[in-house]
Amino acid sequence: MYKEGTYFSDTKRHLEDSDFKVSAILRLLNPILDKANIKVNSYADVGCGAGGVLLGISEAFFQKGYPIHEVKGYDVSPHVNAMKMDHVTFEHGDFVEIGTNADLITLTDVFEHVTDPVNFIKNVSKKGKILAFHIPLDDCLSVNLRNLQRKKIQNPGHLIFLNVNSALNMITMAGLQILDYDFSRETIKAPSNNETILQKIFSPLKRTMVALNPWLYSKIFGFSLVVIAKSN
């Protein structure tokens, strides 16, 4: 699906949600970098897809007055060969095999697509200092009651189904030190959460639930988790 290019036959797939994911990641990432006075001179987005998160984060650093000198996007899908952005280099291939070291690595909705996620995370982390994850939490009542696992395996190709604890455990098992985590609260407003009539009707209720108890929301409807971790 990925290596053949069919997953990104639409090169703008998931692009509409990128700004919300970027906001969620930066909300946790910026305080950590500022407190530890960590300078990001190189940045790699693993599984960069349409490049929305890559562009959003690199532009945010530029607007803060800290431009990143080396920005690279990696994807096993061949669509990246045709992608062009100013000051960004795109690489077609497996980051573990071809990637160069980076101060910051992001993995946005990536390792749930991998057959051996713990070793994948471990190998990716060998080339980075700080890693930021955005992780779908599909182990929820909505998915389980409707038996949607089969559908999600086929498209979008999720191979594992996570909740908060299993996601955090997997990153720790890969040998990383978790610095902070939180639910991706910003993405409740993303277009993909407001597409159908039912989603629009229940949107106010969902936003209220996220504000009051995001864990409960994740257990019922599913959600996403942001994790900032440090390689050891």
Side-chain angles (χ1 to χ4, degrees), residues 1-8 10 13-18 20-22 24-25 28 44-54 73-77 79-80 93-96 99 105-125 128 131-176 178 181-188 190 192-193 214-215 217-229 231:
M1 181 187 295
Y2 308 107
K3 292 183 179 180
E4 292 79 7
T6 55
Y7 187 81
F8 278 103
D10 176 6
R13 182 171 183 164
H14 302 315
L15 191 60
E16 70 278 5
D17 290 346
S18 296
F20 299 90
K21 294 176 182 178
V22 168
I25 292 170
L28 271 68
D45 187 24
V46 178
C48 64
V53 170
L54 173 70
Y74 295 85
D75 208 298
V76 296
S77 172
H79 78 282
V80 295
D94 186 342
F95 175 80
V96 173
I105 296 175
T106 52
L107 299 99
T108 307
D109 303 357
V110 171
F111 74 76
E112 69 277 5
H113 297 273
V114 178
T115 54
D116 188 0
V118 172
N119 277 323
F120 172 73
I121 297 168
K122 182 184 297 184
N123 290 328
V124 168
S125 71
L131 286 86
F133 300 86
H134 191 275
I135 309 163
L137 304 176
D138 291 330
D139 183 7
C140 64
L141 188 63
S142 176
V143 170
N144 293 335
L145 283 179
R146 294 184 290 164
N147 192 26
L148 293 181
Q149 288 89 343
R150 181 179 293 105
K151 180 179 178 182
K152 286 180 174 288
I153 288 171
Q154 295 172 347
N155 190 353
H158 289 188
L159 303 181
I160 56 174
F161 301 88
L162 301 165
N163 56 46
V164 176
N165 292 334
S166 59
L168 295 175
N169 290 344
M170 194 163 290
I171 292 171
T172 300
M173 289 165 61
L176 279 71
I178 294 175
Y181 68 92
D182 193 14
F183 294 95
S184 182
R185 299 169 185 263
E186 289 80 353
T187 57
I188 193 65
S192 65
N193 282 320
W215 175 83
Y217 178 90
S218 76
K219 296 301 290 183
I220 297 173
F221 298 107
F223 208 5
S224 290
L225 188 72
V226 176
V227 182
I228 311 299
S231 60

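Partner of Val46 under the side chain to side chain contact (heavy atoms under 4.5 Å, CB included) criterion, out of Leu54, Val96, Ile105: Ile105 alone.
Between His158 and Asp138 the shortest side-chain heavy-atom distance falls below 4.5 Å. At least one side-chain heavy atom of Asp109 sits less than 4.5 Å from a side-chain heavy atom of Lys21. Contact check for Gln149 versus Asn147: side-chain heavy atoms found under the 4.5 Å cut-off. Looking only at side-chain heavy atoms (C-beta outward), Phe111 and Ile160 come within less than 4.5 Å of each other. With contacts defined as side-chain heavy-atom distances shorter than 4.5 Å, the pair Val110/Phe95 does not qualify. A 4.5 Å side-chain heavy-atom check between Asn193 and Phe20 finds every atom pair outside the cut-off.
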Run the numbers on Val80 and Tyr74 for side-chain contact (heavy atoms from CB on, under 4.5 Å), then give the verdict. CA-CA 8 Å; Val80 295; Tyr74 295 85; over 6 Å; no

Can you list the steps and then say if Leu137 with Val164 is a side-chain contact (heavy atoms from CB on, under 4.5 Å)? CA-CA 7 Å; Leu137 304 176; Val164 176; 3.8 Å; yes

Determine, stepwise, if the pair Thr108 / Ile25 fulfils side-chain contact (heavy atoms from CB on, under 4.5 Å). CA-CA 9 Å; Thr108 307; Ile25 292 170; 4.0 Å; yes

Evaluate side-chain contact (heavy atoms from CB on, under 4.5 Å) for Val227 paired with Leu176, printing each intermediate quantity in order. CA-CA 11 Å; Val227 182; Leu176 279 71; over 6 Å; no

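Minimum heavy-atom separation, Phe183 to Leu225: N-CD1, 4.1 Å. For the residue pair Asp75 and Gly47, the shortest heavy atom distance occurs at OD2-C, 3.4 Å. In terms of heavy-atom proximity, Gly52 sits nearest to Ser18 at CA-OG, 3.4 Å. The nearest pair of heavy atoms linking Ala229 to Ile171 is CB-CG2, 4.2 Å. Here the closest heavy-atom approach between residue Gly128 and residue Ser231 is recorded as O-OG, 2.6 Å. Residue Phe161 comes nearest to Lys152 through the heavy atom pair CE2-CB, 3.9 Å, listed as atom of the first residue, atom of the second, then distance.
Val118 pairs by the side-chain contact (heavy atoms from CB on, under 4.5 Å) definition with Met170, Met173, Ala174, not counting sequence neighbours.
Under a cut-off of 6.0 angstrom, the local environment of CZ in Phe221 is crowded, with over 12 non-hydrogen atoms contributed by other residues, nucleotides or ligands.
Looking only at distances, no side-chain donor or acceptor of Asp17 sits under 3.5 Å from a matching main-chain atom of Thr187. For Asp182 (side chain) and Leu28 (main-chain N/O), no donor-acceptor pair under 3.5 Å exists by modelled atom type. The main-chain N or O of Gly49 is found under 3.5 Å from a side-chain atom of His79 such that the two form a donor-acceptor pair. Of the possible donor and acceptor atoms, one in the side chain of His113 sits under 3.5 Å from a partner among the backbone N and O of Pro156.
Between Phe223 and Tyr217, the ring centre distance stays below 6.0 Å.
A distance of 10.5 Å separates CD1 of Ile228 from CD1 of Ile178, quoted to the nearest 0.5 Å. Annotation: the span from Ile121 atom CD1 to Asp116 atom CG amounts to 9.5 Å, rounded to 0.5 Å.
Between the side chains of Asn163 and Ser166, at least one donor N or O sits under 3.5 Å from an acceptor N or O.
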